[in-house]
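Note sheet for the following structure.
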Number of protein chains: 2
Amino acid sequence: MLSKKSKYAIKALISLAKRYENKVPVKISEISEEEKIPRKFLEAILVELRNNGLLHSKMGANGGYLLAKHPEEIVLSHIIRISGGPIAMLPCVSLNFYEPCEECVNESTCGLRDVILEVREATIRILSKTSLSDILQREEGLKKKFNLI
Amino acid sequence: MLSKKSKYAIKALISLAKRYENKVPVKISEISEEEKIPRKFLEAILVELRNNGLLHSKMGANGGYLLAKHPEEIVLSHIIRISGGPIAMLPCVSLNFYEPCEECVNESTCGLRDVILEVREATIRILSKTSLSDILQREEGLKKKFNLI
DNA sequence: AACTAATCCTACTAATTCAATAGAATAAAT
DNA sequence: ATTTATTCTATTGAATTAGTAGGATTAGTT
Ligand code: FES
Ligand code: FES
């Protein structure tokens, strides 16, 4: 399961991606209300995203946040990793949060690990090719689908 | 991430699958030692697996556990669900642990949900076709691979 | 029948992670 | 100076996960 933190991070970035063309900083409180994310929690999340190069921030009056890259360049796998969520289902197959499995004698011949490795690859294949732009496009597609029928 | 409980459940079942042909009940303590799973925790896990039809148990002296089905018929997705782990990355796409996302106004037009739905499908495709037998076969394959090189 | 070896059952506790909050410090605009 | 923001540090509360304790029950053995 994705943590709320990760989900909020993604939601917040999608929200910013929608206004990417404006080039105007967006306030935390604005995102918070729009996406129904607890204000203070979102604050911490955005700082982390900024520290990891996904956002630019502007302090003071009329300050706020802006995407640091084009929405096409920000992909889900990256957001999830930054916001602390391992993607893999076991620590022994995680690229970024690797830890050996104490119980397994030999990692390289572990059958379970072998399967979970496949799952991870399938997951990452999708998450690392899906950008904020892709998500916005999907939303457009879904809206049409449900309006037109 | 898979919970330890789920991982232990899978490990325990693999261990039992290895001796499936013997048709002799296997003691908790035996599995516990072999797979390095805390005794009492494993106890609780095995009872749950039994209550869900994956194991048969025999009480008293010479008692223990046996697979209730052929190792080919027990698949990972089933084990994970029984041992309490949702497979999906978001509650809104989970078949067995579904819950709506409070923040998302309209589930059917949610772009994030749409992507995560794809991830879930890819994951389940693998987990629901992989049986205990498959895992044992993989282990054989991996052993050969690493012995022969 | 008594003894022993096992699962079964109920309840509890400890540990960790997750989610959220509080409040003061800093920065920029007017 | 005042206002409107982000930033930083620290803490708290809630929930979940992981693991434990101890006695009841069942079945085989002598
Ligand atoms: S090495 Fe991780 S499950 Fe075996
Ligand atoms: S409905 Fe679940 S993420 Fe939007």
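The basis for the numbers below is simple: all heavy atoms, side chains too, and nothing from hydrogens, waters or symmetry mates. Each chain gets a letter, A, B and so on, in the order the sequences are listed, and its residues count up from 1.
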Rounded distance in Å - [atom1] ([X]) to [atom2] ([N]):
| X | N | atom1 | atom2 | answer |
| --- | --- | --- | --- | --- |
| I28(A) | dT4(D) | CD1 | P | 16 Å |
| L2(B) | dT17(D) | CG | P | 11 Å |
| E48(A) | dT7(D) | CD | C1' | 14 Å |
| K27(A) | dT7(D) | NZ | P | 15 Å |
| I45(A) | dT7(D) | CD1 | C1' | 15 Å |
| M1(B) | dC18(C) | CE | P | 10 Å |
| L66(B) | dT7(C) | CG | C1' | 13 Å |
| K7(B) | dG19(D) | NZ | C1' | 16 Å |

Quiz item: Can you list the residues that meet the side-chain hydrogen bond (donor to acceptor under 3.5 Å, both in side chains) rule with E30(A), with sequence neighbours excluded?
Solution: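 Result, side-chain hydrogen bond (donor to acceptor under 3.5 Å, both in side chains) vs E30(A): R19(A).
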
Exercise. Output all residues satisfying side-chain hydrogen bond (donor to acceptor under 3.5 Å, both in side chains) with K11(A), sequence neighbours left out; order by chain, then residue number.
Key: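 side-chain hydrogen bond (donor to acceptor under 3.5 Å, both in side chains) list for K11(A), sorted by chain: empty.
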
Check: protein-nucleotides 8-16 of chain D nitrogen or oxygen pairs below 3.5 Å:
unit_1, atom_1, unit_2, atom_2, d
dC8(D), N4, E43(A), OE2, 3.2

Hey, does the side chain of [X] come within less than 4.0 Å of [N]'s phosphate (OP1/OP2), counting only N and O?
| X | N | answer |
| --- | --- | --- |
| Y8(B) | dA18(D) | no |
| S3(A) | dT17(C) | no |
| R39(B) | dA18(D) | no |
| K4(A) | dA19(C) | no |

Exercise. Among residues two or more places apart or on two chains, list those pairs meeting ring pair (Phe, Tyr, Trp, His ring centres under 6.0 Å) that have a residue in residues 67-110 of chain B.
Key: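 Every pair satisfying ring pair (Phe, Tyr, Trp, His ring centres under 6.0 Å) with a residue in residues 67-110 of chain B: Y20(B)-H70(B).
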
Nucleotides 28-30 of chain C: which of its N/O atoms have a protein N/O under 3.5 Å away?
unit_1, atom_1, unit_2, atom_2, d
dA29(C), OP1, K58(A), NZ, 3.4

Self-check item: S32(A) side chain vs I37(A) backbone, donor-acceptor pair below 3.5 Å
Solution: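 Here the side-chain-to-backbone pair exists.
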
Exercise. Spell out, as yes or no, whether a donor-acceptor pair under 3.5 Å connects the side chain of D134(A) to the backbone of S131(A).
Key: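 Yes; judged by distance alone, with no hydrogens or angles, the pair exists.
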
Quiz prompt | Note: R39(B)-E43(B) ion pair, threshold 4.0 Å (strictly below) | solution =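 Salt bridge flag = yes for E43(B) with R39(B).
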
Quiz prompt | Sidechain N-carboxylate O distance under 4.0 Å for E107(A), R113(A) | solution =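 Looking at R113(A) together with E107(A), the answer is yes, because their closest N to O distance falls below 4.0 Å.
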
Practice problem: Give L46(A) one of three labels, base, sugar-phosphate or nothing, depending on what nucleic acid heavy atoms sit under 4.0 Å from its own. | Solution: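 Touches nothing.
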
Practice problem: Look at all strands and tell whether G84(B) reaches a base, only sugar-phosphate, or nothing, counting heavy atoms closer than 4.0 Å. | Solution: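 The residue G84(B) makes no contact with any strand.
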
Exercise. Could you give me the CA-CA distance, side-chain angles and deciding distance for E34(A) and K18(A), then say whether salt bridge (charged side-chain N to carboxylate O under 4.0 Å, His left out) is met?
Key: CA-CA 12 Å; E34(A) 201 175 297; K18(A) 281 179 188 158; 5.2 Å; no

Self-check item: Side chains of L95(A) and R120(A) in contact at under 4.5 Å (non-hydrogen atoms)
Solution: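 L95(A) reaches R120(A) side chain to side chain.
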
Quiz item: Which nucleotide in the list dT6(D), dC8(C), dA20(C) gets nearest to the side chain of F41(A)?
Solution: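 My answer, after comparing the listed nucleotides, is dA20(C).
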
Exercise. Scan for side chain to side chain donor-acceptor pair (under 3.5 Å) pairs involving residues 81-91 of chain B, sequence neighbours excluded, and state none if there are none.
Key: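 Sorted result for residues 81-91 of chain B: S6(B)-S83(B).
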
Practice problem: Tell me which of A44(B) and P86(B) sits closer to the 5' end of DNA chain D, going by the nucleotide each one is nearest to. | Solution: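 Nearest nucleotide further toward 5': that of P86(B).
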
